[in-house]
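Below you'll find the structure, written out as structure tokens, and then a few comments.
Note on naming: letters A, B, ... go to the chains in the order of the sequence lines (proteins, then strands), and numbering restarts at 1 for each one. Worth saying up front: this structure is predicted, and the values here are computed from it rather than measured.
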2 protein chains.
Amino acid sequence: MTEDSNPITYSRRFPTIEDVARLAGVSTATVSRSLNSPARVREATRQAVEAAVKELGYTPNFGGQALASNRTNTVGAIIPTMENAIFARAIQALQETLAARNVTLLVATSQYSPAREEDQIRTLLARGVDGVVLIGSERPASAYELLDARGVPFVILWSAPANTPHVTIGFDNASAAAGVALRVVEMGHRRIAVISGITRDNDRAQARVAGIVAVLENAGIPIHPAYLTECPYSLNDGEAAAIRLLTGTDRPTAIICGNDVLAAGALRGARILGIDVPGELSITGFDDIELATAVYPPLATVRVPHRRMGAAAGDCLMRWIVEGKRPESITLPTEFMDRESLGKLRNT
Amino acid sequence: MTEDSNPITYSRRFPTIEDVARLAGVSTATVSRSLNSPARVREATRQAVEAAVKELGYTPNFGGQALASNRTNTVGAIIPTMENAIFARAIQALQETLAARNVTLLVATSQYSPAREEDQIRTLLARGVDGVVLIGSERPASAYELLDARGVPFVILWSAPANTPHVTIGFDNASAAAGVALRVVEMGHRRIAVISGITRDNDRAQARVAGIVAVLENAGIPIHPAYLTECPYSLNDGEAAAIRLLTGTDRPTAIICGNDVLAAGALRGARILGIDVPGELSITGFDDIELATAVYPPLATVRVPHRRMGAAAGDCLMRWIVEGKRPESITLPTEFMDRESLGKLRNT
DNA sequence: GTGAAAGCGCTAACAG
DNA sequence: CTGTTAGCGCTTTCAC
């Protein structure tokens, strides 16, 4: 036990709980209790510890804490993308809810790829997250098995419980999209096309299309297969899809889009072709992100409870993690936002 | 040493490195080496370990690893907001670069508030991040002191080295904005207004305004104080600011905006007032996010090297963390994107 | 209400 | 190339 074996180099070691204990004249156990459950120590003791902490600039070592407590106070979320604002507000609300409980949010992206998502799940689990937030319910069983094997609580956002046994915090995509279709039909449109996001591996996109189709069928409106298109969620793809639809024979008078980005792209496509919206063509979106009112005409769309989903996800997850019992799924309402991009069918 | 002291409850304990070692018939050290520096073990050994790992479904415990190695393989980034896409591409590129090195990115937001940013820095440091990425160079000294006290490597994005001794990976906001102003002047405009983001605590916004003002002064164009406005980075605020400018006396013929969101807002404001862009009014943006071409007319703006900044940040930071020596700052080029929202001054 | 002490799972000298 | 052996810093029984 050589002391000061290296008197020259000043060791850049951060104060540990032991340093605090020594300075405060208590044991490390008391420091720990003082910090984690202050109610269990005498007030005077707590203050002494607090003073020592402050004087030393002590911060608990994350690794030590994680190792000993078997918790990281970290929750992971995997969203398809950060490139558009769709998930931003939900993530923001989630982060705020978690921060209030002193847990940190790790955000990863999957780029709408199931394989990447599974990788990200693996990474998060390796990081020892205490809980996980996912978007949508459709993914390979192997992904769910990873989560199950670790026994890590997880919740699914953006979907409703219909198709999955897991805990969902979302809304009914099918009926929300059906609501849009109904408005479009009510406006007198009969030649109605759909630009959906890629439906493969995406239960939300599938449900939205299903909701729309059901309404059209119910209204006795024939659905020309060429009217049912899908493409990646990007401005350019939306534009291209719209141009394809609008230059075909029997041009639609309304295009229902799977989200606002596609709708904004479709709007651009219509402009390129010199087609007036809503005079000659109605376009609707979905999500009600800022973009919906940045374009002209502003997009009729569906307001999705972004912030409430994020906040509820944080609450549910933390309750699950702390109390150990699985929460109930939550289905939130959506709201149709009637705006200028949707208009009455012009008498032609 | 009581074995099987609890034969009833099946302990849900995850396999540890010791389990792997036992099954593979080697020591824990060899397992560790096998996993972390495979080159240092015999191939046969490595395979045996790999087999054992697979059979047991072993994943290293994060806390243990962090504690023993004093590294978390985690880097934190604090961006002002996720609500618009400004930082999304940079973050995406950063994440990819880090992932390639097996490090995880922790993203936090400050909502453009220095106090929140400082909190987030504290949180990240408590998380034991190995490095930090910040946006912009202007913040209270106390924030830098936090970082310095921990000796954690950090890089600053979006700024140039002019105003800060720290490592920056960005571009010259002043000259990029000056480039825009120059084009506007070249188009014949003399009544030129500015809608900047809030300049307080924001060196990028300050630099952009400074760049613009310098060009105008140099061109002998008087700058009416009422023409120099600033507001938060939002569509609504941009719209309101534009309406204020456009309903005042001596209406400007061009508005240079601090970013694309403000410009899109200004465009909306002009539309509300029935002012044609670019016929009666030119508007420019900054950033070249997707929004710039989603609106009509598409925004003349400045393309910022989002992805390259993100990737370079990851590279520099990892080199700094691993090799221990501070990298040089990097200044990347920007590009003016000439689009329809900027037009020649109409002969009135 | 507090202290002593036993690990949590891993890495990194150090020997061999 | 591999094994032995200390800890890393913290939480948590278990006594007192």
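- Rounded to an integer number of Å, the gap from CZ of B:Arg71 to C1' of D:dG9 is 19 Å.
- Taking the side chain of A:Ser69 as heavy atoms from C-beta on, and the options D:dT11, D:dT5, D:dT2, the nearest nucleotide is D:dT11.
- Looking at which nucleotide of DNA chain C each of B:Arg33 and B:Gly63 is closest to, the 5′-most match is held by B:Gly63.
- Here the C1' atom of nucleotide C:dG1 and the CD atom of A:Glu43 are 13 Å apart, to the nearest Å.
- For A:Gln47 and C:dT2, the CD to P distance is 12 Å, given to the nearest whole Å.
- When distances are taken from the side chain of A:Thr16 to each of D:dT12, D:dG9, D:dT2, the shortest belongs to D:dG9.
- Side-chain proximity of A:Val26 to the nucleotides D:dT11, C:dG3, D:dC10 is greatest for C:dG3.
- One interatomic measurement links the two molecules: CG of B:Asn61 to P of C:dG7, which rounds to 17 Å at whole-angstrom precision.
- Within 4.0 Å (heavy atoms only), A:Val31 reaches no atom of the nucleic acid at all.
- Proximity of A:Thr30 to the phosphate of C:dT2: no side-chain N or O atom is located under 4.0 Å from OP1 or OP2.
- Taken to the nearest 0.5 Å, the CG atom of A:Leu157 stands 5.0 Å off from the CD1 atom of A:Ile135.
- Relative to the side chain of A:Ala68, the nucleotides D:dC10, C:dG1, D:dT2 differ in distance, and D:dC10 lies closest.
- Rounded to an integer number of Å, the gap from CZ of A:Phe62 to C1' of C:dC8 is 14 Å.
- Residue B:Asn36 is classed as a sugar-phosphate contact, given heavy-atom separations below 4.0 Å to backbone atoms only.
- In this structure, of C:dC10, C:dG1, D:dT11, it is C:dC10 that holds the atom nearest to the side chain of B:Gln65.
- Here the P atom of nucleotide D:dT4 and the CZ atom of B:Arg22 are 13 Å apart, to the nearest Å.
- For the pair A:Glu18 CD and D:dG7 P, the computed distance is 12 Å after rounding to whole Å.
- Inter-residue side-chain proximity for B:Gln92 and A:Gln111 is flagged as met; some heavy-atom pair is nearer than 4.5 Å.
- Candidate nucleotides D:dT11, C:dT2, D:dT2 were compared by shortest atom distance to the side chain of A:Thr45, and C:dT2 ranks first.
- Among C:dT2, C:dT11, C:dC10, the nucleotide with an atom closest to any side-chain atom of B:Thr28 is C:dT11.
- Across the protein-nucleic acid pair, A:Asn70 atom CG and D:dG9 atom C1' stand 15 Å apart, rounded to whole Å.
- Comparing B:Leu67 and B:Ala29 by the nucleotide of DNA chain C whose heavy atom lies nearest to each, the residue mapping closer to the 5' end is B:Leu67.
- A:His166 and A:Phe154 get closest at one heavy-atom pair: ND1-CZ, 3.4 Å.
- Side-chain N/O atoms of B:Ser27 and B:Thr30 include a donor and acceptor closer than 3.5 Å.
- Residues A:Thr164 and A:Ser137 come closest through the heavy atom pair CG2-CB, 3.6 Å.
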